[in-house]
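The structure under discussion appears below in the form of structure tokens.
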Amino acid sequence: MSDDDRRDSFRAPIELKVEYKRLNTFFADYTKNISRGGTFIKTSRPLSIGTEFLFKLFVPNLEEPLSIHGEVQWVVTEEDAAGQGGEAEAGMGIRFVYRE
């Protein structure tokens with residue numbers, strides 16, 4: 001499935017730092033693109049599909065990072081990325097979860 005097949009909204013290419021915690025270990029990775037509905041986080045250590053987590057998004061010119069809830073919708077493993085001849089990057093597609 002191509003990125004275009006999974007996408008509901010236009011995604012702007014951008015690279016922003018993200019931080020999140022998994023099993024008491026903190027990770028710092030980078031976004032590849034972002035839209036109103038979600039983002040793609042480049043990582044060789046993706047979380048499992050369906051995992052909800054809180055991550056911090058570091059945006060230039062903001063004093064504090066944004067804290068965002070997300071849910072892993074799909075994963076590209078390093079093996080998947082290698083099998084696509086460099087056309088894909090390892091990581092995870094995240095849907096933003098809006099809470100009241």
Side-chain angles (χ1 to χ4, degrees):
M1 181 182 288
S2 74
D3 286 345
D4 291 335
D5 294 335
R6 291 186 279 243
R7 191 169 295 151
D8 291 332
S9 303
F10 171 76
R11 292 209 173 174
I14 190 167
E15 187 167 278
L16 300 173
K17 181 180 175 185
V18 295
E19 291 182 351
Y20 55 98
K21 187 169 83 169
R22 177 183 182 185
L23 301 174
N24 297 321
T25 302
F26 286 93
F27 293 98
D29 291 306
Y30 290 88
T31 62
K32 178 180 175 186
N33 54 47
I34 195 164
S35 76
R36 184 176 0 146
T39 189
F40 180 80
I41 297 176
K42 295 187 294 186
T43 182
S44 60
R45 305 165 308 271
L47 302 171
S48 300
I49 293 173
T51 301
E52 284 196 30
F53 66 108
L54 180 67
F55 64 98
K56 293 181 180 181
L57 182 66
F58 292 81
V59 180
N61 300 323
L62 289 184
E63 290 184 28
E64 297 291 324
L66 300 173
S67 292
I68 301 172
H69 282 91
E71 180 182 357
V72 179
Q73 296 295 294
W74 49 273
V75 167
V76 178
T77 65
E78 288 185 317
E79 295 80 24
D80 294 339
Q84 294 186 22
E87 294 293 315
E89 294 182 86
M92 51 190 174
I94 307 300
R95 177 181 64 88
F96 297 142
V97 176
Y98 298 100
R99 303 225 163 125
E100 295 182 22

Please report the closest heavy-atom contact between F96 and R36, naming both atoms and the distance. CD1-O, 3.4 Å
Looking at CZ of F26 and NZ of K21, how far apart are the two atoms once the value is rounded to the nearest 0.5 Å? 5.0 Å
Should Y98 and V72 be counted in the same cluster of Ile, Leu, Val, Met, Phe, Trp and Tyr side chains packed under 4.5 Å apart? yes
Quick one: do K32 and E15 make a salt bridge, cutoff under 4.0 Å? no
Check whether any side-chain heavy atom of R95 sits under 4.5 Å from a side-chain heavy atom of V97, and report yes or no. yes
What are the two closest non-hydrogen atoms of A81 and A90, and how far apart are they? CB-N, 3.8 Å
Would you say the side-chain atoms of T31 pair up with the backbone N or O of N33, donor to acceptor, closer than 3.5 Å? no
Shortest non-hydrogen contact from G70 toward I94: CA-CG2, 3.7 Å
Value for CE (M92) from OG1 (T77), rounded to nearest 0.5 Å, stands at 13.5 Å
Group every Ile, Leu, Val, Met, Phe, Trp and Tyr by side-chain heavy-atom contacts under 4.5 Å, then state whether I41 and V75 land in the same group. yes
To the nearest 0.5 Å, how far apart are CH2 in W74 and CG in D80? 10.5 Å
Can you give me every donor-acceptor pair (side chain of residues 45-64, partner residue at least two apart or in another chain, under 3.5 Å) with its distance?
residue	atom	partner	partner atom	Å
R45	NH2	D29	OD1	3.3
T51	OG1	S48	O	2.7
E52	OE1	R99	NH2	2.2

Less than 4.5 Å apart, side chain to side chain, heavy atoms only: is that true for I68 and Y20? no
